[in-house]
Amino acid sequence: MSPAEEEKSLPLPERWPRASKFALSACAAAVAELVTFPLDLTKTRLQVQGEAAVHRNGAAAAGQAVAYRGMLRTAAGIVQEEGVRKLWQGATPAVYRHIVYSGVRMVVYEHLRDSVLGRSEDESFPFWKAVVGGMSAGAIGQFFASPTDLVKVQMQMEGKRKLEGKPLRFRGVHHAFMKILSEGGIRGLWAGWVPNVQRAALVNMGVSVAADSCCSGLVAAVLGTPADVVKTRIMNQPRDKQGRGLLYKSSTDCLIQTVQGEGFMSLYKGFIPTWMRMAPWSLVFWLTYEQIRRICGVSSF
């Protein structure tokens with residue numbers, strides 16, 4: 001049998017190991033995302049609540065009452081005013097995001113661990129290498145997934161816009177991508193990518209530095225929430241015909257305006273659902289991921 005024939009006879013995971021691992025991690029992440037998505041929606045709504053820049057620019061009436069306060073009241077308000085199904089509004093681009101983000105992140109991390117950074121002679125992976133690998137893999141994965149995150153955030157806010165009497169921006173995921181692309185070009189799809197990449201790197205570092213899942217989730221939420229708030233506001237802000245933000249010039253400007261207008265703790269809006277989501281998301285992801293790898297004949301992570 002020739003080498004080419006031998007290669008064709010191998011199982012798919014052995015012929016295309018990285019592509020297979022990408023697909024498997026993407027499937028596991030999609031399951032985890034759907035299970036925990038209502039917490040992500042609640043977090044996003046909380047992060048834009050009481051936005052000082054909106055009031056200063058006349059986009060909302062001064063002194064307007066905040067629609068929701070706290071995680072439970074936010075979730076209850078969504079169910080009562082928009083319906084239970086709206087707890088999953090924006091879930092489709094969120095799944096797309098994790099297909100890209102988790103797929104790239106896991107493949108890059110394994111490559112860094114096994115080929116670039118390298119294990120120790122006893123096959124252990126030093127702590128500092130785990131931190132560097134986790135942060136690098138998270139940043140790279142998030143950069144490629146940023147356009148899907150942008151669409152997810154904007155679609156998560158559609159229900160709130162409808163309640164405020166504002167016209168809906170999108171008819172669906174495809175329309176959202178095409179509209180953003182037509183208004184802001186390729187660069188418009190990467191609006192907010194800087195704080196988005198920073199958040200991913202910090203969250204992955206937080207997960208790396210703490211072994212216990214609850215503790216790692218807490219550390220990751222503490223480190224990543226401020227960048228997540230800035231990312232959400234940058235992505236959700238209205239834009240002019242050239243795709244330029246009308247509220248914030250940059251992520252730094254958003255950070256300064258948020259702290260000056262709402263106080264330092266405003267950077268932790270949505271912290272509770274962010275933290276509460278991390279442990280079940282990781283649990284569902286890793287259980288699903290390892291089971292899928294085992295069924296497909298791929299070695300354990």
Side-chain angles (χ1 to χ4, degrees), residues 29-52 54-55 60 64-98 101 148-166 168-170 172-173 176 192 196 199 203 206 213-214 216-218 220-222 224-237 258 262-263 265-285 288:
V31 173
E33 189 69 12
L34 289 172
V35 170
T36 62
F37 187 78
L39 286 169
D40 186 71
L41 175 66
T42 304
K43 172 211 71 173
T44 300
R45 294 286 182 93
L46 287 170
Q47 287 177 338
V48 298
Q49 180 175 272
E51 202 167 353
V54 171
H55 292 273
Q64 179 183 12
V66 175
Y68 308 111
R69 294 185 183 277
M71 183 186 71
L72 295 178
R73 289 178 62 185
T74 299
I78 293 170
V79 172
Q80 291 172 0
E81 298 174 13
E82 304 171 45
V84 175
R85 291 179 60 186
K86 293 299 181 181
L87 287 172
W88 278 268
Q89 186 164 27
T92 300
V95 170
Y96 291 166
R97 179 237 176 192
H98 267 287
Y101 170 65
T148 57
D149 218 355
L150 174 65
V151 172
K152 181 201 75 170
V153 167
Q154 295 201 9
M155 291 192 70
Q156 285 179 326
M157 296 305 299
E158 288 293 85
K160 188 172 183 289
R161 287 177 61 86
K162 186 175 182 180
L163 291 176
E164 293 172 348
K166 298 177 182 178
L168 297 181
R169 294 171 289 190
F170 314 118
V173 177
N196 210 6
R199 174 197 171 273
V203 166
S213 61
C214 292
S216 66
L218 175 61
V222 170
T225 298
D228 197 29
V229 170
V230 172
K231 177 264 296 186
T232 297
R233 293 184 171 197
I234 290 285
M235 289 182 167
N236 186 60
Q237 69 174 328
T258 300
E262 304 163 56
M265 292 309 296
S266 63
L267 294 175
Y268 283 90
K269 289 183 176 181
F271 174 81
I272 297 298
T274 297
W275 178 23
M276 289 185 63
R277 186 179 187 230
M278 286 183 173
W281 194 99
S282 296
L283 179 64
V284 173
F285 172 78
T288 306

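Position 1 is the first residue of the sequence, and the numbers go up from there. The basis for the numbers below is simple: all heavy atoms, side chains too, and nothing from hydrogens, waters or symmetry mates.
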Write down the atom of [X], the atom of [Y], and the distance for their closest heavy-atom approach.
X	Y	result
Phe170	Ala176	CD2-CA, 3.4 Å
Ala30	Val95	CB-CG1, 3.8 Å
Ser266	Val229	O-CG1, 4.0 Å

Out of curiosity, [X] [atom1] to [Y] [atom2], how far, rounded to the nearest 0.5 Å?
X	Y	atom1	atom2	result
Leu150	Asn196	CG	CG	9.0 Å
Met71	Leu46	CE	CG	9.0 Å
Lys160	Thr74	NZ	OG1	10.5 Å
Asp228	Arg199	CG	CZ	4.5 Å

State which residues pass side-chain contact (heavy atoms from CB on, under 4.5 Å) with [X]; sequence neighbours excluded, sorted by chain then number.
X	value
Ala29	His98, Ser102, Trp281, Phe285
Ala91	Leu34, Phe37, Trp88
Ala220	Val203, Val207, Met278
Thr148	Tyr96, Arg97, Ala145, Phe177

Do the side chains of Lys43 and Asp40 get nearer than 4.5 Å, heavy atoms only? yes
Please identify which of these residues, Val173, Thr44, Thr92, Leu41, meets the side-chain contact (heavy atoms from CB on, under 4.5 Å) condition with Met155. Val173
Test log, rule salt bridge (Lys or Arg N to Asp or Glu O under 4.0 Å), inputs Arg45 and Glu81: CA-CA 14 Å; Arg45 294 286 182 93; Glu81 298 174 13; over 6 Å; no
Please check if the side chain of Tyr268 supplies one atom and the backbone of Val222 the other of a donor-acceptor pair under 3.5 Å. yes
Show the numbers, then the answer: is there a side chain to side chain contact (heavy atoms under 4.5 Å, CB included) between Arg169 and Met157? CA-CA 10 Å; Arg169 294 171 289 190; Met157 296 305 299; 3.8 Å; yes
Could you walk me through whether Asp149 and Lys231 pass the side chain to side chain contact (heavy atoms under 4.5 Å, CB included) test, one step at a time? CA-CA 10 Å; Asp149 218 355; Lys231 177 264 296 186; 3.7 Å; yes
Could you work out, with salt bridge (Lys or Arg N to Asp or Glu O under 4.0 Å) as the rule, every residue matching Lys269, not counting sequence neighbours? Glu262
Contacts of Glu33 meeting salt bridge (Lys or Arg N to Asp or Glu O under 4.0 Å) (sequence neighbours excluded), chain-then-number -> Arg277
Partner of Thr258 under side-chain hydrogen bond (donor to acceptor under 3.5 Å, both in side chains), chosen from Glu51, Arg233, Gln47: Arg233
For Asn236 and Gln156, test the side chains for any donor-to-acceptor distance below 3.5 angstrom and give the result as yes or no. no
